[in-house]
Amino acid sequence: MNRTWWKEAVVYQVYWRSFYDTNGDGYGDLNGLIQKLDYIKNLGVDVIWLNPPYESPDRDNGYDISDYCSIMEKAGTMDIWETLLHEVHARGMKLIMDLVVNHTSDQHPWFIESSSSKNNPKRDWYIWRDGKDGAPPNNWRSYFTPSTWEYDERTGQYYFHSFATEQPDLNWQNPEVREAIFSMMHFWLDKGIDGFRMDVINLLAKIEGFPDSDEPDKINYLGNNPGIHDYLQEMNEKVLRHYDIFTVGEIPFVTPEDGLLYVGEGRNELHTLFHFQVADDMPSWDMLRYKEIQKTWYEGLYGKGTNSQFLNNHDHTRQVTRYGNDREYRVQSAKLLATMVHTLPGIPYVYQGEEIGMTGVYYDSIDDYRDIAMKNKYHELVEKGGNPDEVLASLRALSRDNSRTPMQWNDQPNGGFSTGKPWIAVNPNYKGINVEQALADPDSVYYYYQKLIRLRKENPVMVYGTYDDLTEGDELLYVYTRELDGVRWLVMLNHADHESRFTLPAGVEVDEAGKRLLIANYTDVEGAEPIQSVTLRPHEARIYQL
Ligand code: ISL
Ligand code: CA
């Protein structure tokens with residue numbers, strides 16, 4: 001497998017509006033990120049992924065863009081963004097920007113023109129259709145609303161939107177649209193950015209004719225449609241291949257076979273992807289399913305394409321809450337999940353706050369939530385007759401706001417995030433979980449991440465090694481090896497609230513005297529203790545070099 005800088009990278013995701021507020025308006029900002037760059041650098045990461053800071057009415061927190069080439073006031077200015085890029089590079093890190101080109105805001109001048117009349121030159125930049133007998137053109141659901149179609153009285157037609165009604169989809173069939181997007185990409189790349197995280201990039205191509213679906217609630221008809229690979233190859237040819245950059249596509253609804261079409265080496269499309277078999281399709285921890293996902297992606301991609309590893313981001317509830325134990329074993333569990341994400345094949349992502357074991361949030365009232373996806377769903381279900389308290393209870397666990405609460409810097413008001421009123425309330429547990437405390441504690445989750453990331457820098461086996469699960473069929477223990485050029489690592493994880501006994505299967509040779517303990521999340525583990533048969537404590541994680 002050929003080696004590149006981006007395969008070896010660890011990426012840190014900054015949801016800037018919740019990171020650090022420097023002017024007291026309650027929103028994190030780019031100046032705040034600049035002030036905290038040393039904190040990020042100290043973790044050892046290579047790349048920062050910045051969520052969209054572009055001009056936007058902010059109905060979907062920046063994923064509804066009204067001007068691709070300017071910065072929204074809440075985030076700062078273009079000058080501040082330029083300083084950010086400079087300061088990131090000055091520290092030897094890289095910056096990748098979010099690219100949101102499946103849709104724009106309905107306030108984008110392109111859409112304002114497009115919707116103004118049927119013969120406007122930009123009419124065909126979006127997807128307009130006549131209704132069918134007074135109803136929408138087909139029965140599809142969007143991510144955030146009951147229909148993908150919104151009626152516009154001005155011209156008596158419907159426009160298509162995969163997300164909120166305020167996020168009309170661009171018509172990628174139109175070559176003028178593609179050229180406009182490609183030139184915008186050059187604009188950012190020529191400023192010196194190091195790549196893109198591409199929002200729902202597999203949604204660009206739509207099914208010809210928009211036929212009704214037999215299962216409208218299963219929205220996978222939105223993605224992976226004929227034409228998508230032509231668009232991405234054209235993007236690669238006209239834009240991407242001219243720069244030494246890193247690209248990661250957000251690609252829901254893919255299996256490893258389809259995934260390889262996007263990231264296969266030699267396909268000339270993208271470098272890596274986020275698939276959503278875990279984040280979208282595994283609501284709570286399911287060890288057997290998780291192992292199966294790891295195995296099939298490893299077998300599908302190893303040596304041919306590069307995967308990503310993540311368990312949470314700004315759309316998905318914090319991992320220690322959703323997939324671990326955020327109560328009595330919070331610290332051990334956060335470290336175990338980190339051990340897993342950083343040792344499975346693929347590029348590891350750290351979502352801000354994960355490195356101090358931040359948890360999901362519980363608000364009493366729907367009014368305290370901000371997420372448009374959750375709010376729309378809440379109103380839809382209540383309008384259908386649902387009991388408001390029960391509806392809220394059913395939506396809390398996976399609300400995107402779970403991961404969007406302000407970064408907890410210290411035990412001061414608002415967790416030190418802002419001197420004003422935060423746009424979303426801080427998690428009340430900030431007094432016990434915050435950066436200041438993590439930095440003062442040598443056994444903190446933070447320093448464990450730092451050590452894991454350092455191990456990755458020093459050991460190519462973590463990046464390029466083969467993967468072999470020794471515990472297939474086991475619902476609690478996850479033990480696997482990684483191997484490269486004669487170097488063999490053993491990763492032991494007890495994903496349970498109680499002890500589990502693990503015995504090495506026949507055929508796995510250990511030189512007991514020569515083995516080396518590389519990291520452990522319980523501090524009292526003796527490196528020399530034999531591992532032929534081990535009792536692992538709740539949420540215990542260890543890595544050995546055999
Ligand atoms: O949030 C999800 C489930 O809770 C995901 O399915 C998510 O909506 C989907 O992966 C697409 O997300 C991306 O595009 C959206 C934006 O709202 C998200 O924040 C972004 O990550 C539309 O641009
Ligand atoms: Ca601010």
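Whatever order the structure lists ligands and atoms in, that order sets their numbers, starting from 1. It should be emphasised that the depicted structure is a prediction, and the values quoted were computed from it without experimental measurement. Note: hydrogens, waters and symmetry copies are ignored here, and every other heavy atom, side chains too, is used.
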Next on the checklist: Would Tyr20 and Gln352 count as a side-chain hydrogen bond (donor to acceptor under 3.5 Å, both in side chains) here? Give the steps.
Outcome noted: CA-CA 11 Å; Tyr20 187 54; Gln352 70 181 41; over 6 Å; no
Item to check | Protein heavy atom at shortest distance from atom 15 (C) of ligand 1 | outcome: Phe163 CE2, 3.7 Å
Next on the checklist: Give me the nearest non-hydrogen protein atom to atom 7 (C) of ligand 1 as residue plus atom name, then the distance to 0.1 Å.
Outcome noted: Asp315 OD2, 3.7 Å
Checklist entry - What is the nearest protein non-hydrogen atom to atom 5 (C) of ligand 1, stated with its residue, atom name and distance? => result Asp280 OD1, 3.6 Å
Item to check | Centroid-centroid under 6.0 Å between Trp409 and Phe417 rings | outcome: no
Checklist entry - Do Tyr143 and ligand 1 have an N or O pair less than 3.5 Å apart? => result no
Checklist entry - Do the ring planes of His108 and Trp110 sit parallel (below 30°), tilted (30 to 60°) or perpendicular (above 60°)? => result tilted
Next on the checklist: Give me the nearest non-hydrogen protein atom to atom 13 (C) of ligand 1 as residue plus atom name, then the distance to 0.1 Å.
Outcome noted: Asp199 OD1, 2.8 Å
Checklist entry - Using a heavy-atom cut-off of under 4.0 Å, does the side chain or the backbone of Arg197 touch ligand 1, or both, or neither? => result side chain
Checklist entry - Does ligand 1 have a heavy atom under 4.0 Å from the side chain of Phe144, from its backbone, from both, or from neither? => result side chain
Item to check | Distance filter under 4.0 Å to His103 heavy atoms, resulting ligand 1 atoms | outcome: 22 (C), 23 (O)
Next on the checklist: Could you tell me if Thr359 and Asn429 have a donor-acceptor pair between their side chains, going purely by distance under 3.5 Å?
Outcome noted: yes
Checklist entry - In the protein, what heavy atom is nearest to atom 17 (O) of ligand 1, and what distance, to one decimal place, separates them? => result Asp60 OD2, 2.5 Å
Next on the checklist: I'd like to know whether His342 forms a side-chain hydrogen bond (donor to acceptor under 3.5 Å, both in side chains) with Gln309, so could you lay out the CA-CA distance, the side-chain angles of the two residues, the decisive distance to 0.1 Å, and finally the verdict.
Outcome noted: CA-CA 7 Å; His342 287 250; Gln309 294 292 347; over 6 Å; no
Checklist entry - the Ca ion (ligand 2) is nearest to which N, O or S atom of Asp29? => result OD2
Next on the checklist: Can you tell me if Arg59 contacts ligand 1 (heavy atom of the residue under 4.0 Å from the ligand)?
Outcome noted: no
Item to check | Minimum-distance atom from the Ca ion (ligand 2) among N, O or S atoms of Asp25 | outcome: OD1
Checklist entry - If the Ca ion (ligand 2) is the vertex, what is the angle to O of Tyr27 and OD1 of Asp21, rounded to 10 degrees? => result 80°
Checklist entry - Which ligand 1 atoms, with their elements, are less than 4.0 angstrom from a heavy-atom of Val200? => result 11 (C)
Checklist entry - Is Glu292 salt-bridged to Arg289, going by a charged N under 4.0 Å from an acidic O? => result yes
Item to check | Pair Asp64 + Arg59: basic N to acidic O under 4.0 Å | outcome: no
Next on the checklist: Check Arg400 with Asp60, please: is the shortest side-chain N to carboxylate O separation under 4.0 Å?
Outcome noted: yes
Next on the checklist: Using a distance threshold of 3.0 Å, state whether an N, O or S atom of Asn23 lies below it from the Ca ion (ligand 2).
Outcome noted: yes
Checklist entry - What are the atoms of ligand 1, with element, lying closer than 4.0 Å to any heavy atom of His314? => result 18 (C), 19 (O), 20 (C), 21 (O)
Item to check | From His316, Gln167, Glu250 - option closest to atom 10 (O) of ligand 1 by heavy atom | outcome: Glu250
Item to check | Arg404 to ligand 1, any heavy atom closer than 4.0 Å | outcome: yes
Next on the checklist: Centroid separation under 6.0 Å, is that true for the rings of Phe19 and Trp423?
Outcome noted: no
Checklist entry - In terms of the angle between their ring planes, are Phe210 and Phe160 parallel, tilted or perpendicular, with boundaries placed at 30° and 60°? => result tilted
Checklist entry - Which word best sums up how the rings of Phe163 and His103 line up, parallel for under 30°, tilted for 30 to 60°, or perpendicular for over 60°? => result tilted
